[in-house]
Amino acid sequence: AARIPANQEVQRDQAPLFRQRAFPESWRIRKMDRLKITLVLAGLGLFMGAGPRTQNFIVDSPDPAFSAQVAEAAEAYRRKLALEWLGRELPPWQQPCPIRVVFEPQAHGATSFRFSGPTGESGQPFDWQMEVYGTPERILDSVLPHEITHTILASHFKQRLPRWLDEGACSSVEHVS
């Protein structure tokens with residue numbers, strides 16, 4: 001390809017081949033069509049369970065209304081339980097914790113994360129992943145506060161705790177049922 005001096009104006013048809021569009025004009029997507037595509041993709045995200053995002057949580061649930069409840073409750077539990085356990089609120093996390101909600105008869109949950117230290121056993125926790133299972137009532141009054149307590153303890157102590165201590169503390173915030 002011929003070199004074009006920097007001070008010379010280039011007409012579109014004179015530009016080197018690699019700078020010309022490889023697709024015919026009819027294939028180009030107009031601005032309005034791009035907007036429509038964006039809206040459709042956003043709608044698919046909502047349809048597929050992507051739910052509300054708060055400062056510290058993103059909720060994925062089959063029920064959009066319940067997703068909003070879980071997101072609001074997660075932030076409230078994070079604030080309330082940190083005050084109860086630590087006497088202060090936690091600063092916001094670098095990345096929000098995804099919460100996956102699954103409706104089923106048995107109530108249980110799982111929270112995982114990694115530590116930033118060289119051994120992975122201590123340091124700043126990150127890469128949160130939370131799953132909560134159960135009926136809507138048990139998720140909100142037992143499973144969610146239990147799992148949130150795991151994140152509070154990890155954020156405060158910045159190391160793995162003995163399982164008996166971690167699970168014992170987390171179980172203390174569950175509903176009596």
Side-chain angles (χ1 to χ4, degrees), residues 38-177:
T38 302
L39 291 173
V40 166
L41 291 175
L44 281 175
L46 290 173
F47 176 73
M48 296 185 76
R53 178 182 175 147
T54 64
Q55 185 169 18
N56 296 292
F57 299 97
I58 300 173
V59 181
D60 179 12
S61 166
D63 178 353
F66 190 66
S67 292
Q69 280 184 285
V70 170
E72 185 178 313
E75 288 290 352
Y77 280 130
R78 185 180 186 272
R79 187 171 28 266
K80 177 183 178 271
L81 293 169
L83 286 169
E84 287 179 15
W85 284 103
L86 313 174
R88 63 176 173 76
E89 289 186 34
L90 291 173
W93 292 320
Q94 293 283 353
Q95 296 292 320
C97 172
I99 301 175
R100 183 172 159 254
V101 176
V102 178
F103 297 124
E104 66 177 44
Q106 290 296 99
H108 59 102
T111 298
S112 64
F113 48 87
R114 297 185 297 161
F115 287 105
S116 62
T119 65
E121 293 299 311
S122 63
Q124 192 65 37
F126 71 102
D127 195 19
W128 304 104
Q129 298 292 320
M130 187 181 296
E131 294 182 347
V132 293
Y133 300 82
T135 62
E137 182 181 25
R138 288 293 84 90
I139 287 171
L140 290 174
D141 70 11
S142 293
V143 182
L144 191 59
H146 177 109
E147 298 305 322
I148 298 289
T149 302
H150 284 299
T151 68
I152 292 167
L153 297 174
S155 295
H156 178 70
F157 290 106
K158 297 183 183 350
Q159 65 180 356
R160 298 221 181 268
L161 297 176
R163 188 160 171 84
W164 64 266
L165 176 59
D166 195 28
E167 287 300 329
C170 294
S171 295
S172 73
V173 300
E174 295 174 1
H175 188 268
V176 293
S177 66

Listed by chain and number, what are the salt bridge (Lys or Arg N to Asp or Glu O under 4.0 Å) partners of K80, not counting sequence neighbours?
E84

Do E147 side-chain atoms and T111 backbone N/O form a donor-acceptor pair below 3.5 Å?
yes

Whether Y77 side chain and H146 backbone form a donor-acceptor pair below 3.5 Å
no

Decide yes or no for V173 and W85: does some side-chain heavy atom of the first lie under 4.5 Å from some side-chain heavy atom of the second?
yes

Whether S171 side chain and G168 backbone form a donor-acceptor pair below 3.5 Å:
no

Could you check E75 against F57 for side chain to side chain contact (heavy atoms under 4.5 Å, CB included), going step by step and ending with a plain yes or no?
CA-CA 7 Å; E75 288 290 352; F57 299 97; 3.5 Å; yes

More than 12 heavy atoms of other residues, nucleotides or ligands under 6.0 Å from CD of E72: yes or no?
no

Walk me through it: do T149 and S172 pass the test side chain to side chain contact (heavy atoms under 4.5 Å, CB included)?
CA-CA 10 Å; T149 302; S172 73; over 6 Å; no

Counting C-beta onward and ignoring hydrogens, is there a side-chain heavy-atom pair between P145 and E174 closer than 4.5 Å?
no

Above 12 or not: heavy atoms from other molecules or residues under 6.0 Å from CZ of R88?
yes

Side-chain donor/acceptor of S67 to backbone N/O of P52, under 3.5 Å
no

Under a 3.5 Å threshold, yes or no: a donor from one side chain and an acceptor from the other, between H150 and E167?
yes

If the condition is side chain to side chain contact (heavy atoms under 4.5 Å, CB included), which residues does S155 pass it with, not counting sequence neighbours?
L90, W93, P125, W128

Sidechain-backbone polar pair: S116 side chain, Q124 backbone, donor-acceptor under 3.5 Å
yes

Would you name the heavy atoms of F66 and L140 that are closest together and state the gap between them?
CE1-CD1, 3.6 Å

Find the distance between CD1 (I99) and CD (Q129) and round it off to the nearest 0.5 Å.
11.0 Å

What's the shortest heavy-atom distance between I139 and G134, and which atoms?
CD1-O, 3.4 Å

Tell me the closest heavy-atom pair linking L83 and E89, and the distance in Å.
CD2-N, 3.8 Å

Specify the closest pair of heavy atoms between P96 and P98, including all atoms of both residues, with the distance to one decimal.
O-CD, 3.4 Å

Between R160 and F115, is there a side-chain heavy-atom distance shorter than 4.5 Å?
yes

Would a 4.5 Å heavy-atom cut-off, applied to side chains only, mark I148 and M130 as touching?
yes

